[in-house]
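Numbers here are sequence positions counted from 1.
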Amino acid sequence: MPTNSDNRSADEQIASEEVRTAVVDLKRQGKTFQQIGDELGFTKQRAHQLYWEAIRETKFEAVATYRAAELHKLDAMERAVQGVLDREHVVVSHGRVVWAQDLVLDESGHPKRDDKGELVIRYGAPLVDDGPLLEAVDRLLKIQAARRAILGLDTPVKQQITTDQTVKYIVEGVDTEAMR
């Protein structure tokens with residue numbers, strides 16, 4: 001998109017954009033910069049300059065478009081992971097839900113037995129499985145790392161380190177008096 005940072009009119013900027021597009025099209029057809037300049041009425045150097053201006057703009061726009069698309073995908077992934085985090089997960093063993101069990105105790109604190117002599121068991125709620133939640137958290141961290149990488153947030157910070165140490169160079173085998 002043209003900007004008016006160089007005080008040209010919008011028409012001049014659009015015309016310049018059209019010229020850059022024409023230069024790129026002619027270059028894609030296999031023409032030399034000299035041929036492009038001759039055809040469009042300027043030097044081969046100007047054709048070269050316009051070509052690379054167009055390429056730089058295209059690369060920037062393409063990278064921005066790619067970055068936006070990747071961020072959109074990461075957003076969708078994050079929503080899916082959030083759905084896993086929001087759901088309740090129960091322990092399943094051999095295709096059946098595992099329920100919390102407690103032995104029923106009699107008044108003396110001993111396990112109570114039924115008429116058949118079997119232990120009386122009280123069933124509670126299904127056991128909660130934390131595994132899917134922990135996996136979802138790990139996946140969320142990976143998505144966040146990918147987002148930081150796309151946005152360039154993890155680039156190393158340039159640091160300047162100063163010390164009060166000095167370095168002394170000793171040159172052996174050279175007569176420094178002869179060098180003066």
Side-chain angles (χ1 to χ4, degrees), residues 1-87 89 129-180:
M1 171 173 271
T3 60
N4 204 7
S5 61
D6 57 3
N7 295 326
R8 294 184 298 161
S9 71
D11 290 339
E12 289 172 324
Q13 289 179 10
I14 290 170
S16 178
E17 219 173 276
E18 289 170 355
V19 170
R20 283 196 299 271
T21 301
V23 168
V24 170
D25 289 342
L26 291 171
K27 189 66 179 161
R28 286 184 181 150
Q29 294 172 20
K31 297 199 175 191
T32 66
F33 289 118
Q34 184 63 55
Q35 292 169 328
I36 295 169
D38 292 345
E39 187 171 325
L40 298 177
F42 40 78
T43 66
K44 72 177 185 179
Q45 290 85 1
R46 180 68 178 141
H48 185 267
Q49 179 185 18
L50 290 169
Y51 175 79
W52 284 108
E53 284 175 8
I55 295 300
R56 274 192 299 276
E57 278 183 23
T58 303
K59 282 183 182 177
F60 178 77
E61 291 168 6
V63 167
T65 302
Y66 170 77
R67 184 175 285 139
E70 290 301 306
L71 288 172
H72 182 70
K73 289 179 196 174
L74 290 174
D75 288 341
M77 290 179 212
E78 190 170 345
R79 283 190 298 277
V81 170
Q82 191 60 49
V84 172
L85 289 171
D86 292 341
R87 283 191 294 278
H89 303 276
D129 187 0
D130 293 329
L133 296 175
L134 296 173
E135 290 175 19
V137 168
D138 286 343
R139 186 65 45 160
L140 189 57
L141 290 172
K142 289 178 182 178
I143 291 169
Q144 290 170 346
R147 178 175 283 115
R148 287 192 316 271
I150 289 171
L151 295 173
L153 299 176
D154 286 343
T155 54
V157 177
K158 186 175 181 180
Q159 296 179 349
Q160 182 177 1
I161 301 172
T162 58
T163 68
D164 59 351
Q165 298 175 350
T166 59
V167 177
K168 181 178 179 182
Y169 293 98
I170 300 173
V171 181
E172 293 185 14
V174 176
D175 183 10
T176 56
E177 293 299 319
M179 293 175 69
R180 292 184 187 187

Where do L50 and L40 land on the side chain to side chain contact (heavy atoms under 4.5 Å, CB included) test, with the steps shown first? CA-CA 12 Å; L50 290 169; L40 298 177; over 6 Å; no
Distance (rounded to the nearest 0.5 Å) between Q144 CD and R139 CZ: 13.0 Å
Measure the spacing between CZ of R20 and OG1 of T58 and express it to the nearest 0.5 Å. 9.0 Å
Check step by step if salt bridge (charged side-chain N to carboxylate O under 4.0 Å, His left out) holds for E53 and R56. CA-CA 5 Å; E53 284 175 8; R56 274 192 299 276; 5.2 Å; no
On a heavy-atom basis, which atom in [X] and which in [Y] lie closest, and how many Å separate them?
{"X": "A54", "Y": "V24", "value": "CB-CG2, 3.4 Å"}
{"X": "V84", "Y": "A136", "value": "CG1-CB, 3.7 Å"}
{"X": "G37", "Y": "A47", "value": "N-CB, 4.0 Å"}

Side chains of Q82 and R79: do they bring a donor and an acceptor to under 3.5 Å? no
Have Q34 and D38 got a donor and an acceptor in their side chains that come within less than 3.5 Å? yes
Result for side chain to side chain contact (heavy atoms under 4.5 Å, CB included) between V81 and one of L141, D138, L140, V137 points to L140
Chi angles and distances behind the side chain to side chain contact (heavy atoms under 4.5 Å, CB included) call for H48, I36: CA-CA 9 Å; H48 185 267; I36 295 169; over 6 Å; no
How would you list, by chain and number, every residue that makes a salt bridge (charged side-chain N to carboxylate O under 4.0 Å, His left out) with K142, sequence neighbours excluded? none
Partners of D75 by salt bridge (charged side-chain N to carboxylate O under 4.0 Å, His left out), sequence neighbours excluded? R147
Steps toward side chain to side chain contact (heavy atoms under 4.5 Å, CB included) verdict (L133, H89): CA-CA 8 Å; L133 296 175; H89 303 276; 3.8 Å; yes
I'd like to check the ring-ring contact (aromatic ring centres under 6.0 Å, His included) partners of Y51; sequence neighbours left out, ordered by chain and number. F33
Just by modelled atom types, is the L151 backbone N or O under 3.5 Å from a matching donor or acceptor in the R67 side chain? no
